[in-house]
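What you see below is based on every heavy atom in this structure, not just the backbone, and it leaves out hydrogens, waters and symmetry mates.
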Amino acid sequence: MLVQQTRVQCLRTVNCYKTIQRSCSLFTTRLSSAVLSHKRLFSKVSPTKVTTSFLVLCCRPAANCRLFAGSVVNRLEPLSLGIPIASYTTAAHLEDPATMPISKKKFERLPKTVIPSNYQLTLKPDLKKFTFEGSLVVTVEVNAPVTKVKLHACEIAIQEAQYKDSSSETTLTAEVEYYKEDEEVGLLFPSELSPGKGALSLKFTGELNDKMKGFYRSKYTIGGEELYAAVTQFEATDARRAFPCWDEPAMKATFDITLVVPEGKVALSNMPVISEKPLGSGSVEFTYSTTPIMSTYLVAFVVGDYDYLEAVDEDNVLVRVYTPKGKQEQGRFALDVAVKTLPFYKKYFGIAYPLPKVDLIAIADFSAGAMENWGLITYRETALLVDPENSSARIKQWVALVVGHELAHQWFGNLVTMEWWTHLWLNEGFASWIEYLCVDYCFPEYDVWTQFVNNDLGQALEMDALDNSHPIEVEVGHPSEVDEIFDAISYSKGSSVIRMLHEYLGDEDFRKGMNVYLTRHQYKNTFTEHLWNALEEASGKPVGEIMKTWTKQMGFPVLKVSQVQDGKDRKLTISQSKFTADGSTPPDHFKWMVPVLASTQSAPDKPDVLGLLETETKEFVVPNAAEGDWVKLNAGTVGVYRVMYPTEMLDALIPAVKNLSLPPKDRLGLQSDLFALSRAGMSSAVDALKVAQAFENEKDYTVWSNLSSNISTISTILQYADDIYPAYKQFVKRLFSKIAATVGWDAKPGEDTLIPMLREVVLTRMGRCGDEATIAEAKKRFEAHCNGTAKLPADLRACVYTTVLYNGDSETYDKMLKLYDAAEMQEEKVRISRAMGSVQSKDLIQAVLDFSLSSKVRSQDAVFVIAGTTGSVVGRELAWEFFKAQFKVLNDRYEGGFLLSRLVQSATESFVTEEKAKEIETFFKENPVPAAERTVQQSIENIRLNAKWLDRELTPVRDFLKSAV
């Protein structure tokens, strides 16, 4: 699932998430006993830094993959601008009382005394009354005599429950007990059920809720008429809201689904229709072929009004993209991507896609970025639809990544499924890595691997440096814990360690191992160790020993390096210690098995694997590194670690930054490490800003995007220093002026595919820094767009909207509202609504906050509208007050899901005082949000990091800016 991860920042701020996303989106605990946190970021996504520029509000991810960066991520959805070692300690030995989870609900999985093998499910949704009726016959195996059968159900009323023994033909009627807190029911029979096969028959009713989970309703408009679809979102534990079931990933079964729906409606499920029968009274019965054995969270059905496009791939798999009525051409790009992607994965995995069809459908109301239901993949409209005239390059690339992510799940997650949510990262981390491999194959011009360093690796390192992070593998128990692990650790750190492992093993051995894994475990459930065993078998390398140091303990190392010349070679002494966000001395029991890669001035594009750093300190030799030449550790920025260089090694790299001879991934990684080290107090912020000046000649979109994000993190803090904030904006304006002049406002014939995205980043930054020429041009183009004389290209809209609102008044805001009301594409509404928070006056900021909860804004989008107001001191305070005042409304609306976590994060994490940290801490003690508990801790930690930075760096930064002006 791609979650929407929020990070009012940049990253899928998708990959959002994402983001969203992430989840913009996205919970952390330090050890294996920790409580969990989040399809999605978006995000998913993305989510996290908060940028004042909001160049990229990403989602991925999430629960599905891009948290808004996504994220589910989730990854993150671009919202707008935007060898066994005995001494190694396992997670169980790393527990630190200061980082243990605050609370953990008692939890037991369902007993295995009764196991399902097939569900015959019939559902009849009422799209007027928002209810549904259901009947269910479950073929089960009774493994031991029982009088009580427990299964999952939530907000379901069971009217009738019977059991028929297959051998004796005896039928027993059960009484029903509801265990609301555990989301379970007990079926109490008058006598024992004997071991053997039988059939459990149930009749039940439920509500088509408005919570975007389970079996729910989604509103849309056709010809001015409001209509509703009935749609599903079951991951992680919401199939139980649609029908009573054994709602655990290891309880796999086959499904025979029948839907009774109003005439004229499209009715879809995981498998093709095998019969369509009119029933009279305006109803039609659709019956679907039997599914493969699968987990309940992958079941899906959709009933509503849709158009579609179709094609078959080279293996004759039928692919359809379903869109809102009249918008089928907006599904063309996603269809083309899907038709290319399915054969790519078949060849990469060595296993054919196992179903006869796959449908991709755009859902109007959808909390995550997308969801990988087997054969029926659901998406937010903004993650699937591309209008050639009105969609930006950023959205087009985002759609390609999300389609790639969800189709990867059809093998990795659906064909082979994690045994329990503890191993969620197996699904999401892998899909969040291979989506880039796929898109790089389909669209090499996107240079997505450089963007991976920014979006996923950067996001992972940022969150995982916190004291309130958590290991990739976290013990998950109660369902309330699951949503919070759809975060940057599961998605982005997971994908980053997979990328590092792939580089270490090499593609050939990695692919062999993947084929062994998928073939051996198809239609089954796995633990993380099953994947390591397969890759170890294929490569002959100690994969399990290496990877447990990355998945079973939180955090990552910082490598400190020194060098001496040894003839024609360079001898490096490298030490590792845990990197901490505040620069504090970490416990010495944290150690990793670190693949060490290096590149040299004579071969900058050829990373050399020096070996494994298995101990605290070790010497490595870089061959053929001439004296005076630079050596760059973590070549290609593949490793999941930071690097701290001595002065002479850093100084040697600066000319390679200036003349662009250092590859883009390495230029990005170098400055990213410097800003992180300065935030932690391990180096000076002034040194980071001085190095930033070396990027004046930079031309790469992703490098500028990452640099802009790091600049924004400092900007957010310096907003609280009125005497130097204007000087800081002037410094940033000078830094961006050269590239702004280079890209200009208008697209040039034959320009690089990523230039439109670079233009968006750079011009938005110039507008926020008060560049008069940029502001004047943005206002001119905005007026022409509003009066119809010159329509803004899609790639300029986010930039122009943000700039004119940031520098505008109530008249500008009113014009923007009119554009919002007139917009037909959800992408445009999202773009406008996220830009609205750029306004500066108190009254207008409050208007945006009020607008966020109006009927004009979909529930899934309101979180990001609110987040958009937090880019200024005034806006941040107003958004926090708004959150507190509307807490009950927001808490009820999002019911503890990952969107609430994203909202908590964006509303709190950018303050800079201890007083505010204590205020937020007190509020959430009095108003607990269990599903966002770890997010609250992370925000409070980030506030204290901001305060510490301001206290430490204010004077030296002030002196630097005076001399730099």
Is Glu941 reaching over with its side chain to a backbone N or O of Asp467, donor-acceptor style, under 3.5 angstrom? yes

Atom CD1 in Ile845, atom CE in Met836: separation rounded to 0.5 Å? 14.0 Å

Please list, chain by chain and in numerical order, all residues satisfying salt bridge (Lys or Arg N to Asp or Glu O under 4.0 Å) with Arg667, sequence neighbours excluded. Glu698

Under 3.5 Å donor-acceptor, Lys729 side chain and Phe731 backbone: no

Out of curiosity, Cys786 SG to Lys791 NZ, how far, rounded to the nearest 0.5 Å? 13.0 Å

For atom NZ of Lys560, is the number of surrounding heavy atoms from other residues, nucleotides or ligands below 6.0 Å larger than 12? no

Asp795 and Ala393 have their tightest heavy-atom pair at OD1-N, 2.6 Å

Qualifying residues under side chain to side chain contact (heavy atoms under 4.5 Å, CB included), relative to Ala947, sequence neighbours excluded: none

Is it true that Glu919 and Lys884 make a salt bridge, defined as a side-chain N closer than 4.0 Å to a carboxylate O? yes

If we count only N and O atoms by modelled type, under 3.5 Å, do the side chains of Thr702 and Asn454 hold a donor and an acceptor together? no

Which pair of heavy atoms, one from Pro664 and one from Val703, lies closest together, and at what distance? O-CG2, 3.6 Å

Only counting residues at least two apart or in another chain, list the ones meeting salt bridge (Lys or Arg N to Asp or Glu O under 4.0 Å) with Glu696. none

Gly767 to Thr774 - nearest heavy-atom pair and separation: N-CG2, 3.8 Å

Is the count of non-hydrogen atoms from other residues, nucleotides or ligands lying under 6.0 Å from Lys829 atom NZ greater than 12? yes

Considering residues, nucleotides and ligands other than Glu772, do more than 12 of their heavy atoms fall under 6.0 Å from its CD? no

Less than 4.0 Å between a side-chain N and a carboxylate O, is that true for Arg958 and Asp723? yes

Counting only N and O atoms by type, is there a donor-acceptor contact under 3.5 Å from the side chain of Thr869 to the main-chain atoms of Ile866? yes

Kindly write out the residues that satisfy side-chain hydrogen bond (donor to acceptor under 3.5 Å, both in side chains) with Trp949, not counting sequence neighbours, or none if the list is empty. none

Judged by atom type as modelled, is there a donor-acceptor pair below 3.5 Å linking the side chain of Glu751 to the main-chain atoms of Lys748? yes

Report yes or no: do Asn942 and Ser939 form a side-chain donor-acceptor pair below 3.5 Å? no

Sequence neighbours left out, what passes side-chain hydrogen bond (donor to acceptor under 3.5 Å, both in side chains) with Arg797? Give chain and number order. Asn390, Glu828

Measure from the side-chain N and O atoms of Glu445 to the backbone N and O of Leu754, and report whether any donor-acceptor pair falls under 3.5 Å. no

Please tell me whether Arg876 and Tyr720 have a donor and an acceptor in their side chains that are separated by less than 3.5 angstrom. yes

Looking only at side chains, do Glu827 and Ser391 share a donor and an acceptor under 3.5 Å apart? yes

Using salt bridge (Lys or Arg N to Asp or Glu O under 4.0 Å) as the criterion, list what pairs up with Asp951, not counting sequence neighbours. none

Output, in order, the C-alpha distance, side-chain angles, deciding distance and verdict of salt bridge (charged side-chain N to carboxylate O under 4.0 Å, His left out) for Glu783 and Lys779. CA-CA 6 Å; Glu783 289 302 320; Lys779 287 182 176 180; over 6 Å; no

Should the pair Phe556 and Phe579 be assigned to parallel (<30°), tilted (30 to 60°) or perpendicular (>60°) ring geometry? parallel

Side chain Asp666, main chain Gly669, donor-acceptor under 3.5 Å: no

Measure the spacing between OG1 of Thr913 and CZ of Arg944 and express it to the nearest 0.5 Å. 10.0 Å

Kindly write out the residues that satisfy side chain to side chain contact (heavy atoms under 4.5 Å, CB included) with Leu707, not counting sequence neighbours, or none if the list is empty. Gln671, Phe675, Ala692, Phe695, Trp704, Ile711, Leu735

Can you list everything that forms a side chain to side chain contact (heavy atoms under 4.5 Å, CB included) with Gln601? Sequence neighbours excluded, please. Asp629, Trp630

Taking Arg781 for its side chain and Val800 for its backbone only, find out whether a donor-acceptor pair lies under 3.5 Å. no

Is there a donor-acceptor pair under 3.5 Å between the side chain of Gln840 and the backbone N or O of Ser838? yes

With Asp687, which residues qualify under side-chain hydrogen bond (donor to acceptor under 3.5 Å, both in side chains), at least two apart? none

Quick check: closest heavy atoms across Ser584 and Thr580, and the distance to 0.1 Å? O-OG1, 2.9 Å

For Lys918, is there an ion pair with Glu915 - N to carboxylate O distance below 4.0 angstrom? no

Can a donor-acceptor pair be found, under 3.5 Å and without considering hydrogens, that links the side chain of Lys733 to the backbone of Asp771? no

Any pair counted as side chain to side chain donor-acceptor pair (under 3.5 Å), so long as it reaches residues 641-657, sequence neighbours left out: Arg642-Ser672, Arg642-Asp673

NZ/Lys842: more than 12 non-hydrogen atoms of other groups inside 6.0 Å: no

Any chance the side chains of Arg768 and Ser715 put a donor and an acceptor closer than 3.5 Å? no

Run the salt bridge (Lys or Arg N to Asp or Glu O under 4.0 Å) test against Asp843 and tell me which residues pass, sequence neighbours left out. none

With rounding to the nearest 0.5 angstrom, report the OG1 to CZ distance, Thr803 to Phe782. 11.0 Å

Quick one: list whatever passes side-chain hydrogen bond (donor to acceptor under 3.5 Å, both in side chains) with Thr955, sequence neighbours left out. none

Gap between atom CG of Asn634 and atom OG of Ser599 - 0.5 Å precision: 9.5 Å

With a 3.5 Å cut-off and no angle check, do the side chains of Arg834 and Thr802 form a donor-acceptor pair? no

Contact summary for Glu953 and Ser678, nearest pair of heavy atoms: OE2-O, 4.1 Å

OG1 of Thr713 to CG of Asn946, rounded to nearest 0.5 Å, is 8.5 Å

Donor-acceptor contact present, side-chain Thr637 to main-chain Lys665, <3.5 Å: yes

